[in-house]
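Report on the structure given below.
Order of the sequence lines fixes the chain letters, A, B, ..., with proteins taken first and strands second; residue numbering starts at 1 for each chain.
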Amino acid sequence: MLKTLLSGDNPRSKVLSLVLLAVVISLALAPFLFPGTKSLETAARICIFIVLVASYDLLLGYAGIVSFAHTMFFGIGAYGTALALSATGPTFLSILWGTGAGVVIAAAFALAIGLFSLRVKAIFFAMVTLAVASAFAIAVSQASWLTGGEDGLNYRIPRELTPAFKLLPDKVFGVRINGKLLNYYLVFFSSAILFIVMLRIVNSPFGRTLQAVRDNAFRAEAIGYRVIWYRTTATVLSAVMAALAGSLLAIWLRYTGPATTLSMEIMIDILLMVVIGGMGTMYGAILGATIFILAQTYLQNLMGVAADATSFVPFISHLVEPERWLLWLGVLFILSVYFFPSGIVGRLREMKS
Amino acid sequence: MKEPLLTLSGVHTHIGPYHILQGVDLVVPKGGVSVLLGRNGAGKTTTLRTIMGLWQASEGTILFEGQDITKLPTPEISRAGIAFVPEDMGIFTDLTVAENMTLAAARGPLDPDRLEWIKTLFPPIRTFWESSAGTLSGGQKQMLSVARAIIEPRKLILIDEPTKGLAPAIIKAMSDALLELKETDTTILLVEQNFSMASAVGDTVSVMDDGHIVHAGEMAELAGDARMQERLMGLSLEAHQ
Amino acid sequence: MSDTTIKPRIEKAPVLERITTALPIALVPVLAVLGFVAIGDPAAWLTLTVAGLAMGLMIFIMASGLTVVFGLMDVINFGHGAFISVGAFVGFSILIWLGGWTASSSVFLNLAAVFLAILVSMVATGLMGYAFERVIVMPVYGQHLKQILVTMGGLIVAQQLIHVFWGPDEIHVARPESLRGSIVIGEAAIEKYRLVAVGIGVALFLAMRHVLKSTKIGLLVRAGVENGEMVEALGYRIRRLFLIVFMVGSALAGLGGVMWGLYQETITAHMGSEIMVLVFIVVIIGGLGSVEGCFIGALLVGLLSNYTAFLAPKVALVSTIALMVIILMWRPQGLYPVVKAK
Ligand SMILES: Nc1ncnc2c1ncn2[C@@H]1O[C@H](COP(=O)(O)OP(=O)(O)OP(=O)(O)O)[C@@H](O)[C@H]1O
Ligand SMILES: [Mg+2]
């Protein structure tokens, strides 16, 4: 049963299985294990980013394509849902059509960019997506009549998903059973399903061909595979998944703005998560997103302590300031690309053998 | 036998996942023309590229004048005195003929006397001196490619199928040029499919098949022995036509 | 070799072909004319055109190194923007340090300060290019995916280091006295600094052309772009050539950074990665590896950005993307696709 669920793609390492199990259980029981708004926010963010990072891994790890437009698709999904909720009121129907529209637009964009620039070279695609995504982010922040510009959009979501909606009168294990909790589980289960679907995709014949294309495009073409078709399909699938993750974020946050969806910082975060977790492994997305977001939320405090402790050494204290954590991540990132391109997951799998 | 200039012993070359050269043993004696024959895909080009360091041998050694050049980078191999005329001629089409020749003189300015000799050897070099090399015909490009290889004195020249796709008149011209070159102090390792040309210029011959050397000996011996030709060349003709 | 069969046969390229090769060059004046028609006001048009040329030439300075580096070794440096930012910060530090010179009313002192700032920042970014190539790029030659990732990582680290050295805030520096203000031609006011930028840009383009066409190192670069293996087989160490080109490209990015900084009078650590968007568009439009294409692409992008910024401010960047799309539909490999033997 579990094997079918994972499409036969097991973690293949005891330690990895245990860690993954711990993460999944923690996320599943997060409201009960770690009560408090901040931890629930963190848990929901982790769920959403697992989907987002896994969908990026589909493209980067499995198809060998570097895109800098992933946040654009994420943003399209989020803005689709956000605009629908603002326009047609806080109903589930709004969510449905907004998400649908977001997905369709994201897919259309991905198809256009893919057909347009995957023909030439992978490097070309990376450059084109970088340019297009930047232009898109600027266009969104300038179209304030529609998108609220830099301030973004605040909107209401269906009452059933807000704290105001009470399911049970009493707390269970000290936790209020309300709409917020429902909202969290909506995010959790949707993310779980999306992740399993992606696991299925990469282990399907399509996914295997995709990897063959990644390893030797020339040969795959010679055998008769339409390389461009596979690459474009991967781009579209990954964009659709990113858009769905964006919708989840829009529902969860009740806010959508450029900074939370479209910014280059998020794009870089995704890159870091996928590479540090492990490219081309899917499970790397779970580890990468979890570790990164936990670190982002909690490690920075630690660095603050370190900076205070070293404040008498002027230069060192600059290096360990909480704002400088990206410096260390960047170094870690470069080192992992050189020395463990299959990231933490790859390392854990090697440890076994 | 004359002393060897270049010796390959047990050379293996992999290109990506493919194992192309599977233990090549080849001796090129000093002076004269050594010919390397073999059917399409036998590994002749791969052998020349491996000597030149453009592909790394994964096993075996390549000795040039007693010096191990197996692991040397291409520029060092070139500086050791080996020139290369690749199968695709490797002309810089964006540059003029003059500029191609200037670059080929890597160790200093063009030597006017030598250039004059080359221009007599290959008249189109003179005619098209200032033209863009991209506008040359196939035969002219081939001459330019050989001319580049000999603009400075070299000990060994590797030439990959200089007559490919050329008209008989130009093949004749090319083989005359090689014969003249032979008179200088240069050794030539020539890959050639055209047997009449090969036997006209060649002194020794090696035949390759499937990444191995399957025959090595004097050219005269092979040229005079129809049965051996049949056995070795039949191989090459059947795949060739 | 007696040879009667080969007659001089210098073919004139067919007329149509010659026109299509020349066509991209004509795009710049065409765009300028279109801009004139759309804007209608000659004075505003002149101001915008000079501004556009200045911007285009600054982008060209920053983009040229990137495109040659790509042509030569098939390396695309996503961290190129780091050199732009670092160049700007180093240059501004010098200008602040020479505050007395820039505030003085002597043209000579003003220009000396700018010259020194440019010089120091070019040396600094050139050296940084050396380190970048050795540490970041060299281990991943020939592996595009890793190259993109690693150079991106290099960019992150470099931007963070700017914060460490210069603090988290943006820096303002006023332009030296003599580079402030405008010249009035008819009714059009043209900022002096933009004219200076145009001058530097054009001079640099001419110098670069000269080097590429008439020096041995330039010949080697052009030959290497077409067929690097053959350059090596002739006995040249192409890696060393590449390192030199990489350093020069980095130094030019640094120069561009100083010039851009003086233009905006404000610099931030991520200015480089913002400009890189334009740089990529320009390099794509021109054809990866082509210096001429890069030059034309830069002028087109500069002019178009300024015209649209005047006509419809909100669509400036989107218009350059549209330009890129149109050009790629016309020529999928850019204006001047680089021939690669291989
Ligand atoms: N870049 C490459 N990648 C994969 N395989 C290659 C590559 N180059 C050559 N090969 C293979 O190596 C084998 C030997 O090729 P090589 O070019 O050395 O043959 P050759 O003897 O020169 O043939 P020809 O007479 O056709 O020039 C062939 O089977 C060829 O398919
Ligand atoms: Mg061959």
Side-chain angles (χ1 to χ4, degrees), chain A residues 60-61 64-68 112-113 116-117 119-139 141-144 214 264-265 267-268 271-272 274-275 279 315-319 321 323-339 341, chain C residues 66 70 74-76 78-79 81 135-136 139-140 143-168 270 273-274 276-285 288 313-322 324-325 328-329 332-334 337:
Chain A
L60 178 67
I65 298 171
V66 186
S67 159
F68 289 105
I113 300 180
F116 191 65
S117 51
R119 236 167 249 291
V120 188
K121 264 190 171 154
I123 235 164
F124 206 76
F125 186 77
M127 294 164 72
V128 169
T129 50
L130 184 77
V132 170
S134 311
F136 185 82
I138 290 180
S141 58
Q142 284 181 340
S144 35
R214 171 198 66 192
M264 197 62 202
E265 281 76 41
M267 188 63 240
I268 301 234
L271 257 176
L272 292 167
V274 81
V275 168
M279 284 184 273
F315 188 70
I316 301 290
S317 68
H318 277 311
L319 286 176
E321 264 171 24
E323 292 80 43
R324 292 292 79 79
W325 86 303
L326 204 52
L327 172 67
W328 299 107
L329 273 177
V331 173
L332 180 63
F333 175 82
I334 295 174
L335 293 178
S336 20
V337 175
Y338 285 159
F339 300 113
Chain C
L66 192 76
F70 178 83
D74 217 16
V75 165
I76 206 83
F78 275 77
V135 178
I136 308 261
V140 288
Q143 304 164 271
H144 277 168
L145 190 100
K146 285 191 172 184
Q147 230 169 56
I148 300 175
L149 296 179
V150 159
T151 53
M152 202 71 198
L155 176 68
I156 299 173
V157 172
Q159 282 182 349
Q160 291 297 313
L161 285 176
I162 291 180
H163 286 312
V164 171
F165 283 107
W166 281 281
H270 49 260
S273 40
E274 286 160 15
M276 277 311 280
V277 174
L278 289 176
V279 166
F280 280 144
I281 293 176
V282 160
V283 169
I284 291 174
I285 288 179
L288 286 168
K314 296 203 163 172
V315 299
L317 186 56
V318 179
S319 73
T320 56
I321 299 269
M324 175 179 83
V325 170
L328 288 184
M329 291 211 273
Q333 310 250 27

Legend entry - Top contributor to chain A interface from C:I281, C:V318, C:I284 [non-hydrogen pairs under 4.5 Å]: C:I284
Inset, instruction - Please state whether the side chain, the backbone, both or neither of C:V157 comes within less than 4.5 Å of a heavy atom of chain A. - result: both
Inset, instruction - Give, for atom CE of A:M264 and atom CE of C:M276, the distance between the pair rounded to the nearest 0.5 Å. - result: 10.5 Å
Legend entry - chain A contact via C:Q147 - side chain, backbone, both or neither, heavy atoms under 4.5 Å: side chain
Inset, instruction - Sort A:L326 into side chain, backbone, both or neither according to what part of it lies under 4.5 angstrom from a heavy atom of chain C. - result: both
Legend entry - Nearest atoms (heavy-atom pairs only) where A:A126 meets C:F78: CB-CZ, 3.5 Å
Legend entry - Side-chain heavy atoms of C:K146 within contact of A:P341, under 4.5 Å: yes
Legend entry - Residue pair C:I136 / A:Y338, side-chain heavy-atom distance below 4.5 Å: yes
Inset, instruction - Of all the heavy-atom pairs spanning C:V277 and A:S134, show the shortest one and how long it is. - result: CG2-OG, 3.2 Å
Inset, instruction - Find out whether A:I334 and C:L149 are in side-chain contact, i.e. whether some heavy atom of one side chain is under 4.5 Å from a heavy atom of the other. - result: no
Legend entry - Check: C:L145 and A:L60 side chains under 4.5 Å, non-hydrogen atoms: yes
Inset, instruction - Measure distances from C:V325 to the heavy atoms of chain A and classify the residue's part below 4.5 Å as side chain, backbone, both or neither. - result: both
Legend entry - Euclidean distance, A:I268 CD1 relative to C:S273 OG, rounded to 0.5 Å: 7.5 Å
Legend entry - Interface moiety of A:L329 toward chain C, non-hydrogen atoms closer than 4.5 Å: neither
Inset, instruction - Going by the side-chain contact (heavy atoms from CB on, under 4.5 Å) test, name the single residue among A:V337, A:L272, A:L271 that passes it with C:M152. - result: A:L271
Legend entry - Heavy-atom check, side chain of A:F124 versus side chain of C:I76, under 4.5 Å: no
Inset, instruction - With a 4.5 angstrom heavy-atom cut-off, could you sort out which part of C:I321 is near chain A: side chain, backbone, both or neither? - result: side chain
Inset, instruction - Below 4.5 Å from any heavy atom of chain C, which atoms of A:F136 appear? Answer side chain, backbone, both or neither. - result: neither
Legend entry - Non-hydrogen side-chain atoms of C:Q160 and A:W328 separated by less than 4.5 Å: no
Inset, instruction - Any chance you could measure A:L327, atom CG, to C:I162, atom CD1, to the nearest 0.5 Å? - result: 11.5 Å
Legend entry - Side chains of A:M127 and C:L288 in contact at under 4.5 Å (non-hydrogen atoms): yes
Inset, instruction - Measure A:V275 against the heavy atoms of chain C and call it side chain, backbone, both or neither at under 4.5 Å. - result: side chain
